[in-house]
Amino acid sequence: MNKLYYFFILSISAVLISCTSDDTSNLKRCKTIDISGLTLYGGPPNAGKIDYESDDEAKKIGLDDYRMRLVNRYFGLPFDEEKKHIQKISFEFEDNRVTYIDENNAGAYPLDILDQKGDIIDKRKINQIVSTYEFQNDSLFIYLDDGNRFFAAGRTKTGDTLVVKRGFSFYRKASGSAIKMDTTRIIDSRIAFGYAGYSGVDNMLKGDTVVFCNVIYKIY
């Protein structure tokens, strides 16, 4: 099931960001954030992808810093709040068990509970659990007492880093503006234009803007 969160407002290359620091060897927390695929589209008269990398400001302060300015400009509050949320989640593996802790107040949002077939049967906020776990196709599943389980994070190919992915999309047009966060899909131009109600750049009007990027929170 696709989770989609809406943040309405009034009005890549990859970038690595420090997330937090923790010296406890067995404790895994978000250490860095990888922002990739930052893409901007503008409407007429020059409708199409915006070459922000050639902006004078990008040359002045450096491309990575300029990308972060754009991310904060278009996704500011939702991006910052999701970063804080992920920072409060930790994993500690010992023997065949994992301690999962979500320090957010009652959990920021419910997790999908899966049965043994992998079907979603419930939603539940989980703040702390010590239980068995398994990796399937580089996905970490943590088991509940009743034998059901929930997806907790992905895993890199090397196996030493957990990952949580979020897609962010922004649009601005005459009818208003909105930021959307997708927790299960990598956002591309087709999805971003769909959120804005467009089939593509040819539908954009003067003054319209569509922006998207994907964020990988690395936990190790």
Side-chain angles (χ1 to χ4, degrees), residues 1-5 12 14-37 78-79 81-169 180-188 191 212-220:
M1 180 176 293
N2 192 41
K3 296 181 185 176
L4 188 62
Y5 297 85
I12 268 182
V15 179
L16 290 178
I17 309 168
S18 174
C19 195
T20 188
S21 176
D22 202 309
D23 295 328
T24 305
S25 58
N26 292 329
L27 190 66
K28 294 180 181 288
R29 286 187 181 272
C30 178
K31 298 293 198 305
T32 57
I33 299 175
D34 181 352
I35 299 175
S36 65
F79 173 79
E81 296 215 339
E82 187 62 11
K83 175 185 173 182
K84 292 177 180 177
H85 168 66
I86 301 298
Q87 284 177 329
K88 293 182 179 180
I89 296 176
S90 65
F91 301 82
E92 187 167 10
F93 295 87
E94 187 171 354
D95 297 326
N96 295 319
R97 301 176 74 82
V98 61
T99 300
Y100 169 90
I101 298 176
D102 184 343
E103 298 173 2
N104 294 280
N105 292 332
Y109 33 76
L111 298 169
D112 291 335
I113 306 302
L114 311 175
D115 63 15
Q116 296 180 2
K117 298 177 182 178
D119 295 327
I120 299 173
I121 59 172
D122 194 9
K123 288 182 176 293
R124 195 178 307 171
K125 294 181 179 181
I126 298 175
N127 285 97
Q128 183 170 345
I129 186 172
V130 180
S131 185
T132 56
Y133 66 92
E134 70 174 332
F135 286 98
Q136 290 185 350
N137 299 322
D138 291 324
S139 295
L140 170 62
F141 294 95
I142 299 177
Y143 281 89
L144 304 173
D145 291 339
D146 58 9
N148 297 317
R149 60 184 183 168
F150 65 93
F151 169 76
R155 181 174 65 173
T156 60
K157 292 182 179 180
T158 57
D160 56 353
T161 300
L162 300 177
V163 295
V164 174
K165 299 179 181 180
R166 300 287 186 262
F168 288 87
S169 180
K180 301 184 181 183
M181 184 181 75
D182 196 313
T183 66
T184 60
R185 295 187 296 179
I186 296 297
I187 291 182
D188 57 17
I191 295 173
F212 68 90
C213 73
N214 293 287
V215 181
I216 302 174
Y217 305 84
K218 296 184 177 180
I219 302 168
Y220 54 91

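- The backbone N or O of T184 sits less than 3.5 Å from a side-chain atom of D182, completing a donor-acceptor pair.
- Inter-residue side-chain proximity for D122 and F150 is flagged as unmet; no heavy-atom pair is nearer than 4.5 Å.
- Here CG of N148 is found 12.5 Å from CG of D112. Values are rounded to the nearest 0.5 Å.
- No hydrogens or angles considered: a donor-acceptor pair under 3.5 Å links the side chains of D160 and T158.
- In this structure, a donor-acceptor pair under 3.5 Å is present between the side chains of Y143 and E134.
- Atoms CG and CG, from N214 and D34 in turn, are 10.0 Å apart once rounded to the nearest 0.5 Å.
- Ring centroids of Y100 and Y133 are separated by 6.0 Å or more, keeping the two rings apart.
- Proximity of E82 to F168: side-chain heavy atoms (C-beta onward) are separated by under 4.5 Å at one or more points.
- A donor-acceptor contact closer than 3.5 angstrom is absent between the side chains of R155 and Q136.
- A cation-pi arrangement is found for K31 relative to Y220, the charged atom lying closer than 6.0 Å to the ring centre and inside a 45° cone about the ring normal.
- Side-chain atoms of I219 and V164, non-hydrogen and from C-beta on, do get closer than 4.5 Å to each other.
- E92 has no carboxylate O lying under 4.0 Å from a charged side-chain N of R29, or vice versa, which leaves the two without a salt bridge.
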